2 protein chains.
Amino acid sequence: MALRNAVLAALIDRESSGYDLAKRFRVSVANFWTSTPQQLYRELEKMEAEGLLTARVVKQEKRPDKRIFSVTLSGRDALRAFTQQDPKPTTVRDELLVQVEALAHADVPSVRESIRARIEQSRQRLDAYEKLLAEILGPRSHEEFLATGNRIGPYLTLSRGISFERENITWGELALSVLARRYP
Amino acid sequence: MALRNAVLAALIDRESSGYDLAKRFRVSVANFWTSTPQQLYRELEKMEAEGLLTARVVKQEKRPDKRIFSVTLSGRDALRAFTQQDPKPTTVRDELLVQVEALAHADVPSVRESIRARIEQSRQRLDAYEKLLAEILGPRSHEEFLATGNRIGPYLTLSRGISFERENITWGELALSVLARRYP
DNA sequence: GGCGCCTAGTCACTTTTTTTACTATGCAAC
DNA sequence: GTTGCATAGTAAAAAAAGTGACTAGGCGCC
């Protein structure tokens, strides 16, 4: 019942196939909501059955046909109603931090390697987010955009994603330097 | 199967009752892993049955008796083995950001209020994390601690929590200022 | 002296999420 | 000429997580 709100938010400005939506979840929505493709396909079916979405089939010649989903009026109402509710507190699940919490009882070289991988992944995400943000901004400065732009919501969520990944990188580097010092 | 690693990491340096553990999850572990009390009680039972934890009953006079769990040798092994695995990528679920993503279709006053509440909550968490960090540091400076302290793991995870909550506050204030400008 | 919160849980049920394994076609590289 | 990757999904089962209600004594407060 919660995934559907993220789906509505993702589809409201841009209709998508399940496959496309899964890709968008992987590269940008992941910033505030994570979901597997399977979960999305199921949710899309349910949402269509409940009238929140409509689907139209697009025939393709060189590829399998696809179904493009868009938000119905009833879906819009649901989204608006959702924005009136109290959002649940953020849930985070980060296995890397669990490993770090247990550092004194851990296999330190493995953890070190995992931190490195996390830094690398955060660099890539940061890069992707910054590109998306640049697309939203177009030729405008942040100032101009904030005064006149119309994709304020995505601008703000992307900004949050960017600062999150930056902090990941900074933190990872701190962690590596501490490890280098304490577990040479 | 994933919650258990967080439980092991939380119990390895300090045995706890289920109730206490739930409190610790609420106030500090939440930083990298979220869980409800029910989930914890269930997981503790299973882990005891599998020999990862042992429980001893502590009789209390003015309160209900409690069962204190601690990590067994087998639990230690499991924790170490976990630190050798590739951590799964972070999963985040943040309804507030979903609401913000859908800003153009949202009930803006409600969202504004939710952002305010988030800022307030982050302030409180920041405060709590900083106090915990001060406890870990004791009278030492960060420098001294990093060179000689022994709770490096918790230091690092708390640091991550602190920067996360700071960024939440900064982001929330940016979001409010944008809203004030665009939806007066 | 009643209200509500704190401690310390248990039980039953429902929902959500994850995992694993399938079906197909097309394209590029080797 | 087959291996691997991208597109575009479906199905079923198992595991994990979340919700709500309940027990029961103690404490403080007004």
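Naming convention: chains lettered A, B, ... in sequence-line order (proteins, then strands); numbering from 1 in each chain. None of the values given here were measured: they were computed from a predicted structure.
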Distance below 4.0 Å between A:Q39 side-chain N/O and C:dT18 OP1 or OP2:
yes
Would you indicate, yes or no, if C:dA8 has its OP1 or OP2 atom less than 4.0 angstrom from a side-chain nitrogen or oxygen of B:K59?
no
Should the side chain of A:R42 and the base of D:dG9 be counted as holding a donor-acceptor pair, with the cut-off at 3.5 Å?
no
For the pair A:E135 and A:R151, find out whether any cationic side-chain nitrogen is under 4.0 Å from an anionic carboxylate oxygen.
no
Side chains of B:V92 and B:T90 in contact at under 4.5 Å (non-hydrogen atoms)
yes
Integer-rounded Å distance: C:dT18 P and A:F25 CZ:
12 Å
Between C:dG9 (C1') and B:L21 (CG): distance, integer Å
13 Å
Between C:dG9 atom C1' and B:R67 atom CZ, what is the distance in whole Å?
11 Å
Give the nucleotide from the list C:dT16, C:dT17, C:dA8 with an atom nearest to the side chain of B:R93.
C:dT17
A:S17 side chain N/O closer than 4.0 Å to the phosphate oxygens (OP1, OP2) of D:dG9?
yes
Strictly below 4.0 Å: does B:K23 bring a side-chain N or O up to OP1 or OP2 of C:dA8?
no
Contact under 4.0 Å: A:Y19 side-chain N or O vs D:dT7 OP1/OP2:
yes
How many whole angstroms separate atom CG of A:L3 from atom P of D:dA16?
20 Å
Here the distance between atom C1' of D:dG26 and atom CD of B:Q60, to the nearest Å, is 12 Å
Using atom CG of B:D65 as one end and atom P of C:dC6 as the other, report the distance to the nearest whole Å.
21 Å
Has A:D107 got a side-chain atom pairing as donor or acceptor with B:Q84's backbone, closer than 3.5 angstrom?
no
Given atom OH of B:Y41 and atom C1' of D:dA17, what is their separation to the nearest angstrom?
17 Å
Under 3.5 Å: donor-acceptor pair, side chain of A:T83, backbone of A:R80:
yes
Which of D:dG20, C:dT18, C:dG9 is nearest the side chain of B:K66? It is C:dG9
Output yes when at least one side-chain N/O atom of A:Q38 is less than 4.0 Å from OP1 or OP2 of C:dT18, else no.
no
At under 4.0 Å, does any side-chain N or O of A:T36 touch on OP1 or OP2 of C:dT19?
no
Which residue lies more 5' along DNA chain C, comparing A:W33 with B:D20 via nearest heavy atoms
B:D20
When you measure from the side-chain N and O atoms of B:K46 to the phosphate of D:dA16, is any distance below 4.0 Å, counting only OP1 and OP2?
yes
Rounded to the nearest angstrom, tell me the gap between atom CZ in B:R26 and atom C1' in C:dT7.
12 Å
If we ignore hydrogens and angles and just use 3.5 Å, is the side chain of A:R24 paired with the main-chain N or O of A:A10 as donor and acceptor?
yes
